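Presented below is the structure to which this report refers.
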Amino acid sequence: MRIYHHTKFENLEKIVTPNGLSFRGSYYKEFCDADYERTQRVTSRIIERICKKRNVNYDKDTSFKPIIISFGIDADSDYMWAKYAHQYSGIQLILDYDIITKVAYDNLDYFGKCVYMRKRGRMKKFIQQKTFSVESINDIQSNLESVSALIKPTRFKKENEIRYIRAYSKIFEVCYEDFMLMGDKAFTDSYPTEKDDERFVLFPKEALVGIAIGYKSSDKLELVKVMLKEMNYDVSDVFVYLRE
(Lines give C-alpha, C1' and ligand atoms only; values in the text may rest on other atoms or scores of the structure.)
Protein backbone atom coordinates (compact mmCIF):
# COMPACT_ATOMS: atom_id res chain seq x y z
CA MET A 1 0.00 0.00 0.00
CA ARG A 2 1.16 3.55 -0.77
CA ILE A 3 0.34 6.85 0.90
CA TYR A 4 0.87 10.36 -0.46
CA HIS A 5 1.98 13.78 0.73
CA HIS A 6 1.27 16.81 -1.45
CA THR A 7 3.26 19.98 -0.90
CA LYS A 8 5.01 22.96 -2.51
CA PHE A 9 8.06 22.22 -4.64
CA GLU A 10 10.35 24.27 -2.39
CA ASN A 11 9.56 21.93 0.51
CA LEU A 12 11.20 19.00 -1.26
CA GLU A 13 14.69 19.83 0.01
CA LYS A 14 13.33 20.31 3.54
CA ILE A 15 11.72 16.85 3.57
CA VAL A 16 14.08 14.72 1.50
CA THR A 17 17.36 14.97 3.43
CA PRO A 18 20.59 12.91 3.53
CA ASN A 19 19.46 11.46 6.87
CA GLY A 20 15.97 10.42 5.77
CA LEU A 21 12.55 11.96 5.29
CA SER A 22 12.05 14.82 7.72
CA PHE A 23 8.41 15.80 8.16
CA ARG A 24 7.37 18.82 10.20
CA GLY A 25 4.15 18.20 12.07
CA SER A 26 1.53 20.68 13.23
CA TYR A 27 -0.04 20.94 16.66
CA TYR A 28 -3.73 20.09 16.66
CA LYS A 29 -4.69 23.57 17.80
CA GLU A 30 -3.20 25.03 14.62
CA PHE A 31 -6.05 23.43 12.67
CA CYS A 32 -8.69 25.11 14.83
CA ASP A 33 -11.16 26.98 12.73
CA ALA A 34 -14.78 26.91 13.91
CA ASP A 35 -15.31 23.26 12.93
CA TYR A 36 -12.19 22.03 14.68
CA GLU A 37 -12.97 24.07 17.78
CA ARG A 38 -16.35 22.36 17.97
CA THR A 39 -14.75 18.92 17.57
CA GLN A 40 -12.28 19.69 20.34
CA ARG A 41 -15.00 21.06 22.61
CA VAL A 42 -17.22 18.00 22.17
CA THR A 43 -14.45 15.41 22.44
CA SER A 44 -12.96 17.08 25.53
CA ARG A 45 -16.18 16.45 27.44
CA ILE A 46 -16.26 12.85 26.26
CA ILE A 47 -12.65 12.28 27.29
CA GLU A 48 -13.22 13.88 30.70
CA ARG A 49 -16.07 11.46 31.41
CA ILE A 50 -13.97 8.47 30.28
CA CYS A 51 -11.12 9.54 32.59
CA LYS A 52 -13.46 9.93 35.56
CA LYS A 53 -15.05 6.56 34.86
CA ARG A 54 -11.60 4.96 34.87
CA ASN A 55 -10.62 6.86 38.03
CA VAL A 56 -7.73 8.70 36.41
CA ASN A 57 -6.92 12.38 36.63
CA TYR A 58 -8.30 14.74 34.00
CA ASP A 59 -6.54 18.08 33.61
CA LYS A 60 -8.91 20.82 32.42
CA ASP A 61 -6.02 23.23 31.95
CA THR A 62 -4.33 21.15 29.30
CA SER A 63 -5.01 21.79 25.63
CA PHE A 64 -4.86 19.35 22.76
CA LYS A 65 -1.14 18.96 22.06
CA PRO A 66 -0.81 16.04 19.63
CA ILE A 67 1.53 16.69 16.72
CA ILE A 68 0.01 15.75 13.36
CA ILE A 69 1.55 14.90 9.98
CA SER A 70 -0.98 14.57 7.18
CA PHE A 71 -0.97 12.11 4.30
CA GLY A 72 -3.54 11.01 1.73
CA ILE A 73 -4.52 7.61 0.40
CA ASP A 74 -5.72 8.68 -3.08
CA ALA A 75 -2.99 8.58 -5.71
CA ASP A 76 -4.90 10.59 -8.32
CA SER A 77 -6.72 13.19 -6.25
CA ASP A 78 -7.07 16.39 -8.27
CA TYR A 79 -8.37 18.04 -5.10
CA MET A 80 -5.11 17.35 -3.21
CA TRP A 81 -2.95 18.42 -6.15
CA ALA A 82 -4.84 21.67 -6.47
CA LYS A 83 -5.07 22.56 -2.77
CA TYR A 84 -1.78 21.35 -1.31
CA ALA A 85 0.57 21.11 -4.30
CA HIS A 86 -0.21 24.64 -5.47
CA GLN A 87 -2.30 23.90 -8.53
CA TYR A 88 0.09 21.26 -9.96
CA SER A 89 3.23 23.34 -9.50
CA GLY A 90 4.26 21.30 -6.44
CA ILE A 91 5.03 17.65 -5.77
CA GLN A 92 3.50 14.45 -4.51
CA LEU A 93 5.73 12.27 -2.33
CA ILE A 94 4.85 8.59 -2.59
CA LEU A 95 5.59 6.64 0.58
CA ASP A 96 5.53 3.04 1.78
CA TYR A 97 2.62 2.53 4.18
CA ASP A 98 4.21 -0.43 5.99
CA ILE A 99 7.42 1.46 6.79
CA ILE A 100 5.51 4.45 8.18
CA THR A 101 3.38 2.06 10.24
CA LYS A 102 6.49 0.42 11.70
CA VAL A 103 7.98 3.80 12.66
CA ALA A 104 4.74 4.68 14.45
CA TYR A 105 4.72 1.33 16.25
CA ASP A 106 8.37 1.64 17.32
CA ASN A 107 7.81 5.18 18.61
CA LEU A 108 4.48 4.41 20.29
CA ASP A 109 2.86 6.96 18.00
CA TYR A 110 -0.44 6.62 16.14
CA PHE A 111 -1.02 6.14 12.43
CA GLY A 112 -4.56 5.82 11.19
CA LYS A 113 -7.24 6.92 8.76
CA CYS A 114 -9.33 9.92 9.67
CA VAL A 115 -13.04 9.59 10.30
CA TYR A 116 -15.44 12.31 9.18
CA MET A 117 -18.33 13.11 11.49
CA ARG A 118 -20.20 15.91 13.23
CA LYS A 119 -22.66 14.13 15.53
CA ARG A 120 -21.65 13.91 19.16
CA GLY A 121 -22.97 10.36 19.49
CA ARG A 122 -20.75 9.10 16.69
CA MET A 123 -17.72 10.89 18.17
CA LYS A 124 -18.40 9.35 21.57
CA LYS A 125 -18.72 5.86 20.12
CA PHE A 126 -15.48 6.26 18.13
CA ILE A 127 -13.46 7.42 21.14
CA GLN A 128 -14.95 4.80 23.46
CA GLN A 129 -14.01 2.06 21.01
CA LYS A 130 -10.42 3.28 21.18
CA THR A 131 -10.29 3.61 24.98
CA PHE A 132 -8.55 0.34 25.75
CA SER A 133 -6.55 0.01 22.54
CA VAL A 134 -4.34 3.10 22.69
CA GLU A 135 -0.69 2.73 23.70
CA SER A 136 1.78 5.49 24.37
CA ILE A 137 4.29 6.76 26.89
CA ASN A 138 1.75 9.42 27.79
CA ASP A 139 -1.24 9.40 30.12
CA ILE A 140 -4.74 8.24 29.20
CA GLN A 141 -6.05 11.76 28.64
CA SER A 142 -3.37 12.71 26.10
CA ASN A 143 -3.71 9.30 24.43
CA LEU A 144 -7.42 9.85 23.88
CA GLU A 145 -6.84 13.43 22.76
CA SER A 146 -4.49 12.05 20.14
CA VAL A 147 -7.05 9.50 19.01
CA SER A 148 -9.68 12.23 18.77
CA ALA A 149 -7.37 14.09 16.36
CA LEU A 150 -8.44 11.48 13.82
CA ILE A 151 -11.92 13.03 13.86
CA LYS A 152 -12.44 15.63 11.14
CA PRO A 153 -15.43 17.71 10.02
CA THR A 154 -17.43 16.13 7.21
CA ARG A 155 -16.63 18.96 4.80
CA PHE A 156 -13.06 17.62 4.54
CA LYS A 157 -14.15 14.11 3.57
CA LYS A 158 -12.80 14.40 0.01
CA GLU A 159 -9.26 14.64 1.43
CA ASN A 160 -9.42 10.99 2.50
CA GLU A 161 -6.67 11.72 5.00
CA ILE A 162 -4.48 9.39 7.01
CA ARG A 163 -2.62 10.92 9.96
CA TYR A 164 0.60 10.22 11.79
CA ILE A 165 0.01 11.46 15.33
CA ARG A 166 2.47 11.90 18.17
CA ALA A 167 0.88 12.09 21.61
CA TYR A 168 2.84 14.96 23.08
CA SER A 169 0.73 16.54 25.74
CA LYS A 170 2.78 15.64 28.79
CA ILE A 171 6.25 14.43 29.59
CA PHE A 172 7.74 13.76 32.99
CA GLU A 173 10.75 15.26 34.71
CA VAL A 174 12.64 14.04 37.76
CA CYS A 175 15.85 14.98 39.53
CA TYR A 176 17.99 11.97 40.44
CA GLU A 177 18.64 13.21 43.98
CA ASP A 178 14.91 13.80 44.53
CA PHE A 179 14.13 10.34 43.19
CA MET A 180 16.53 8.75 45.69
CA LEU A 181 14.78 10.60 48.51
CA MET A 182 11.15 10.52 47.37
CA GLY A 183 10.79 7.66 44.91
CA ASP A 184 7.84 7.98 42.51
CA LYS A 185 6.64 11.13 44.30
CA ALA A 186 9.60 12.98 42.81
CA PHE A 187 8.12 12.85 39.30
CA THR A 188 6.51 16.07 38.08
CA ASP A 189 4.51 16.83 34.97
CA SER A 190 6.27 18.95 32.39
CA TYR A 191 4.51 20.41 29.38
CA PRO A 192 6.21 20.71 25.99
CA THR A 193 7.71 24.07 25.18
CA GLU A 194 6.43 23.90 21.60
CA LYS A 195 9.85 24.61 20.14
CA ASP A 196 10.05 24.06 16.42
CA ASP A 197 12.39 21.06 16.69
CA GLU A 198 9.75 19.15 18.68
CA ARG A 199 7.57 18.95 15.58
CA PHE A 200 9.83 16.85 13.40
CA VAL A 201 9.57 13.11 12.73
CA LEU A 202 12.28 11.38 10.71
CA PHE A 203 11.37 8.41 8.50
CA PRO A 204 14.00 6.17 6.85
CA LYS A 205 15.05 6.76 3.26
CA GLU A 206 13.48 3.44 2.29
CA ALA A 207 10.04 4.91 2.97
CA LEU A 208 10.34 7.01 -0.20
CA VAL A 209 8.90 5.07 -3.15
CA GLY A 210 8.49 7.87 -5.68
CA ILE A 211 8.13 11.57 -6.41
CA ALA A 212 5.51 12.92 -8.80
CA ILE A 213 6.16 16.44 -10.08
CA GLY A 214 3.27 18.67 -11.07
CA TYR A 215 3.14 19.47 -14.77
CA LYS A 216 3.66 23.18 -14.08
CA SER A 217 7.14 22.32 -12.79
CA SER A 218 8.09 20.03 -15.66
CA ASP A 219 11.45 21.78 -16.05
CA LYS A 220 12.53 20.48 -12.63
CA LEU A 221 12.32 16.76 -13.38
CA GLU A 222 16.06 16.24 -13.90
CA LEU A 223 16.86 18.51 -10.95
CA VAL A 224 14.97 16.17 -8.64
CA LYS A 225 16.83 13.11 -9.94
CA VAL A 226 20.19 14.82 -9.41
CA MET A 227 19.19 15.87 -5.90
CA LEU A 228 18.29 12.29 -4.96
CA LYS A 229 21.65 11.01 -6.18
CA GLU A 230 23.53 13.70 -4.25
CA MET A 231 21.71 12.70 -1.08
CA ASN A 232 22.56 9.01 -1.64
CA TYR A 233 19.04 7.76 -2.30
CA ASP A 234 18.81 4.63 -4.39
CA VAL A 235 17.40 6.18 -7.57
CA SER A 236 16.59 2.73 -8.94
CA ASP A 237 14.06 2.35 -6.12
CA VAL A 238 12.58 5.87 -6.32
CA PHE A 239 10.36 6.46 -9.33
CA VAL A 240 10.42 10.13 -10.42
CA TYR A 241 7.89 11.21 -13.01
CA LEU A 242 5.76 14.07 -14.26
CA ARG A 243 2.12 14.30 -13.18
CA GLU A 244 0.22 15.48 -16.26
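The shown structure was predicted, so the numbers you read here are calculated from the model rather than taken from an experiment.
Closest approach of Ile211 to Leu93, counting heavy atoms only: CG1-CD2, 3.8 Å. Minimum interatomic distance between Gly25 and Ile67 (heavy atoms only, all atoms of both residues): CA-CG2, 3.7 Å. The nearest pair of heavy atoms linking Leu150 to Lys113 is CD2-O, 4.0 Å. The two residues Glu206 and Ile99 make their nearest non-hydrogen contact at O-CD1, 3.3 Å. Residues Tyr88 and Ala82 come closest through the heavy atom pair CE1-N, 4.5 Å. Counting all heavy atoms, side chain and backbone alike, Gly214 lies closest to Leu242 at O-CD1, 3.9 Å.
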Practice item. Could you please spell out the steps behind the ring-ring contact (aromatic ring centres under 6.0 Å, His included) verdict for Phe111 and Tyr97? Key: CA-CA 10 Å; Phe111 184 51; Tyr97 171 88; 5.4 Å; yes
Exercise for review: Decide yes or no on side chain to side chain contact (heavy atoms under 4.5 Å, CB included) for Thr43 and Phe126, but give the supporting numbers first.
Suggested key: CA-CA 10 Å; Thr43 56; Phe126 175 78; over 6 Å; no
Check your understanding: Does the side chain to side chain contact (heavy atoms under 4.5 Å, CB included) test come out yes or no for Val115 and Arg122, once each step is laid out?
Key -> CA-CA 10 Å; Val115 292; Arg122 292 190 63 199; over 6 Å; no
Practice item. Run the numbers on Arg45 and Glu48 for salt bridge (Lys or Arg N to Asp or Glu O under 4.0 Å), then give the verdict. Key: CA-CA 5 Å; Arg45 291 197 292 266; Glu48 181 178 7; over 6 Å; no
Practice item. Evaluate side chain to side chain contact (heavy atoms under 4.5 Å, CB included) for Lys14 paired with Arg24, printing each intermediate quantity in order. Key: CA-CA 9 Å; Lys14 298 176 183 178; Arg24 182 182 185 275; over 6 Å; no
Practice item. Give the intermediate values and the outcome of side chain to side chain contact (heavy atoms under 4.5 Å, CB included) for residues Leu21 and Leu95. Key: CA-CA 10 Å; Leu21 306 177; Leu95 307 166; 3.5 Å; yes
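With rounding to the nearest 0.5 angstrom, the CD atom of Glu10 is 7.5 Å from the OG atom of Ser89. Taken from SG in Cys51 to CG in Asp59, the straight-line distance is 10.0 Å, to the nearest 0.5 Å. Tyr116 OH to Thr154 OG1: the interatomic distance, rounded to the nearest 0.5 Å, is 10.5 Å. Remark: Ile50 CD1 to Gln141 CD distance equals 11.0 Å, nearest 0.5 Å. Interatomic distance, CG of Asn160 versus CD1 of Ile73, reported as 3.5 Å (0.5 Å rounding). Atom CD of Glu161 and atom CZ of Phe71 lie 9.5 Å apart (nearest 0.5 Å).
Tracing side-chain contacts under 4.5 Å through hydrophobic residues (I, L, V, M, F, W, Y), one never reaches Val201 starting from Tyr27; they form parts of separate clusters. A single hydrophobic cluster is not seen to contain both Ile100 and Leu108; linkage of ILVMFWY side chains at heavy-atom distances under 4.5 Å, directly or through other members, places them apart. If you chain together hydrophobic residues whose side chains sit under 4.5 Å apart, Phe23 and Ile162 fall into the same group.
Sorted by first and then second residue, the salt bridge (Lys or Arg N to Asp or Glu O under 4.0 Å) pairs with a member in residues 227-244 read Asp78-Arg243; sequence neighbours excluded. Note on residues 83-107: pairs passing salt bridge (Lys or Arg N to Asp or Glu O under 4.0 Å), not counting sequence neighbours, are Arg2-Asp96, Lys83-Glu159, Lys102-Asp106.
Among residues two or more places apart in sequence or in another chain, the salt bridge (charged side-chain N to carboxylate O under 4.0 Å, His left out) test is passed with Asp219 by none. Every residue was checked against the ring pair (Phe, Tyr, Trp, His ring centres under 6.0 Å) condition with Tyr233, not counting sequence neighbours, and none meets it.
In the hydrophobic clustering, where aliphatic and aromatic side chains (Ile, Leu, Val, Met, Phe, Trp, Tyr) are joined below 4.5 Å either directly or transitively, Tyr84 groups with Tyr79, Met80. Its side chain within the 4.5 Å cluster rule, Tyr4 clusters with Ile94, Val209, Phe239, Tyr241 among the Ile, Leu, Val, Met, Phe, Trp and Tyr residues.
Considering only heavy atoms from C-beta on, Pro204 comes within 4.5 Å of Val103 through its side chain. Residues Thr39 and Tyr28 meet the side-chain proximity criterion, which asks for heavy atoms closer than 4.5 Å.
Under the 6.0 Å cut-off for aromatic ring centres, Phe203 and Tyr164 qualify, their centroids lying closer than that.
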